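Working notes, beginning with the structure itself.
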Amino acid sequence: MKQYQIKPRQDAIELVDFTPQTLAADEIRVELKAASINYRDLVTRQVTKQSVVPFSDGSGKVIEVGANVSDFKVGDKVIGLFFPDWMDGSLNAKLFSNSRGAGNCDGMLSQQITGNADGFIKFPEYLNYQQASTLPCAGVTAWHALFEIPQPTKKGQTVLIQGTGGVSVFAIQLAAAFGLNSIVISSSDEKLEQAKALGATHTINYVETPDWDQAALAITNGIGVDIVLEVGGAGTLEKSLNALKVNGVISLIGILTGIEGKINPFPILTKSLRVFGIYVASKAMQSRFHQALTEHQIIPVISKTFEFEQADDAYLYQKSAKHFGKIVITNNP
Ligand SMILES: NC(=O)c1ccc[n+]([C@@H]2O[C@H](COP(=O)([O-])OP(=O)(O)OC[C@H]3O[C@@H](n4cnc5c(N)ncnc54)[C@H](OP(=O)(O)O)[C@@H]3O)[C@@H](O)[C@H]2O)c1
């Protein structure tokens, strides 16, 4: 049996043999079928100080069930939760400290995964393993950012979506399914065409139009957008604040441009903006996300797939940012 482990402080992974642990009464064992990579996995690989199995996201088939487990049976198709202990309610420090693929919580890039049954959930039946492997981090984060915030986005409102990576492409699909107007910004005209094909209402190339905040204001007749899905972080936040209407919302998700920058907080005050920090999701949110996917028959967009042995290539491809949507690794033992 093989699994990847991050080599501490080396920005490297290695494929190692391992012997699966004995199954406890409240655990299930899952045979990995597919795993998907997130931007976070690039960062974790660079900074991790201890050996850990990488990747928060993976799907597989249940092959063994502990004596006390009633929610699953052998053969069930499941995904692992990003936060295996966060069932419902608000995130707290204890739940926050245990996320798959980082710290001392092994992730999903392993041919078998064993863990407490609560940390898994069945995925919608119409999806295959590869598609399902994209749901635990990117998919449900987009769902949370749009619909699980205190001021959930409503039909007819306008969302500004930054980029066309994993989280953002799910947001484009959810926006189209739920009747939101979307303004998608990307560095690539080709990706913007793909966004339009998925239902994006308006598109802006942020390289050709660096003042995309002004362009978004123009599209909304000077009123501003209702919500921004902020994946850029410090380098884009100021423009996002400009692009918002009075009482608008920022769902703060990512830090692609880094964590240091000068932010003028004045628009937050004058426009009564709300900034919500989003950190993936609870099991309850994941479940509601699955219901929404099923209702709208949304198919996750996979840009490229790699074999289990090609995990390093998947990291490189994620780093290149050539992808539109998700990158998936398959396990065909
Ligand atoms: N808080 C959470 O729960 C959570 C969950 C998932 C991800 N995240 C974070 O969200 C961010 C995105 O994650 P991901 O996995 O979706 O990343 P990803 O798939 O690697 O997406 C990268 C894309 O972001 C776009 N981008 C980069 N710089 C940009 C900029 N200055 N302005 C607008 N778009 C820009 C680019 O799109 P184009 O190529 O189209 O230009 C790029 O291809 C990361 O910071 C990640 O850590 C947070």
Side-chain angles (χ1 to χ4, degrees), residues 36-47 55-57 81-83 86 91 95-96 99-102 134-146 148-149 160-173 183-196 198 200 203-213 215-216 228-240 243 250-259 261 275-282 285-286 289 300-304 314-328:
S36 78
I37 185 166
N38 291 284
Y39 182 81
R40 170 207 197 233
D41 297 308
L42 297 177
V43 180
T44 309
R45 173 173 155 144
Q46 287 166 3
V47 302
F55 279 31
S56 54
D57 292 10
L81 299 173
F82 181 97
F83 287 116
W86 186 12
L91 186 60
L95 300 169
F96 172 94
S99 60
R100 284 188 204 275
T134 68
L135 305 180
C137 181
V140 79
T141 296
W143 167 258
H144 180 176
L146 285 168
E148 298 277 355
I149 51 177
L160 189 142
I161 299 168
Q162 297 175 344
T164 57
V167 176
S168 302
V169 169
F170 268 110
I172 296 168
Q173 293 177 286
I183 301 175
V184 179
I185 68 168
S186 169
S187 57
S188 152
D189 286 341
E190 197 185 323
K191 290 182 179 181
L192 287 173
E193 283 307 312
Q194 287 176 272
K196 270 194 190 151
L198 279 183
T203 58
I204 304 169
N205 184 317
Y206 64 79
V207 176
E208 287 167 11
T209 309
D211 292 334
W212 49 263
D213 50 340
V228 175
L229 262 53
E230 178 67 56
V231 297
T236 44
L237 187 55
E238 193 142 19
K239 284 199 164 74
S240 299
I250 295 232
S251 277
L252 186 50
I253 299 168
I255 46 155
L256 287 166
T257 61
I259 52 172
V275 180
F276 297 122
I278 306 294
Y279 199 4
V280 194
S282 65
M285 292 180 197
Q286 187 85 43
F289 172 50
V301 176
I302 296 172
S303 181
K304 200 169 168 79
Y315 277 95
L316 278 178
Y317 198 69
Q318 176 80 23
K319 205 171 182 177
S320 75
K322 287 184 189 144
H323 59 286
F324 178 92
K326 296 298 298 176
I327 299 160
V328 168

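These figures come from a predicted structure and were not determined experimentally. Counting starts at 1 for both ligands and their atoms, in listed order. When reading the values below, keep in mind they use all heavy atoms of this one structure, side chains included, and skip hydrogens, waters and symmetry mates. Position 1 is the first residue of the sequence, and the numbers go up from there.
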Legend entry - ligand 1 contact on K326 by region, counting heavy-atom pairs under 4.0 Å: neither
Legend entry - Mode of V280 contact toward ligand 1 - side chain, backbone, both, neither (heavy atoms, under 4.0 Å): both
Minimum distance, heavy atoms only, to [atom]: which one of [options] is it?
atom                    : options                : value
atom 42 (C) of ligand 1 : P210, A321, G166, A195 : A321
atom 11 (C) of ligand 1 : G254, A171, S56, S188  : G254
atom 12 (C) of ligand 1 : L256, V140, D57        : L256
atom 41 (O) of ligand 1 : F82, Y279, Y206        : Y206

Inset, instruction - Provide the closest heavy-atom pair for S186 versus L192 in the form atom of the first, atom of the second, distance. - result: CB-CD2, 3.4 Å
Which ligand 1 atoms are under 4.0 Å away from a heavy-atom of [X]?
X    : result
S187 : 38 (P), 39 (O), 40 (O), 41 (O)
I253 : 1 (N), 2 (C), 4 (C), 8 (N), 9 (C), 10 (O), 48 (C)
S186 : 38 (P), 40 (O), 41 (O)
V167 : 6 (C), 7 (C), 16 (O)
I278 : 1 (N), 2 (C), 3 (O)
T257 : 31 (N)

Do [X] and ligand 1 have an N or O pair less than 3.5 Å apart?
X    : answer
I255 : yes
K191 : yes
Q318 : yes
A138 : no
Y39  : yes
T236 : no
H323 : yes

Nearest-neighbour protein heavy atom for [atom], which is reported as residue plus atom name and distance:
atom                    : answer
atom 5 (C) of ligand 1  : T141 OG1, 3.3 Å
atom 21 (O) of ligand 1 : G165 CA, 3.2 Å
atom 25 (C) of ligand 1 : G163 CA, 3.7 Å

For residues [X] and [Y], determine if any side-chain heavy atom of one lies less than 4.5 Å from a side-chain heavy atom of the other.
X    : Y    : value
I149 : I278 : yes
Q286 : L81  : yes
S56  : R40  : yes
V301 : Q194 : no

Are the side chain of [X] and the backbone of [Y] linked by a donor-acceptor contact shorter than 3.5 Å?
X    : Y    : answer
S303 : G325 : no
T236 : G233 : yes
K191 : H323 : yes

Legend entry - C137 near ligand 1 by a heavy-atom separation under 4.0 Å: yes
Legend entry - Distance-only polar pair, side chains of S282 and E148, donor-acceptor under 3.5 Å: no
Legend entry - Side-chain donor-acceptor contact under 3.5 Å, S168 with Q162: no
Inset, instruction - Would you please classify the geometry between the Y279 ring and the F96 ring as parallel, tilted or perpendicular, with 30° and 60° separating the classes? - result: perpendicular
Legend entry - Given L135, N38, I37, the one that forms side chain to side chain contact (heavy atoms under 4.5 Å, CB included) with D57: N38
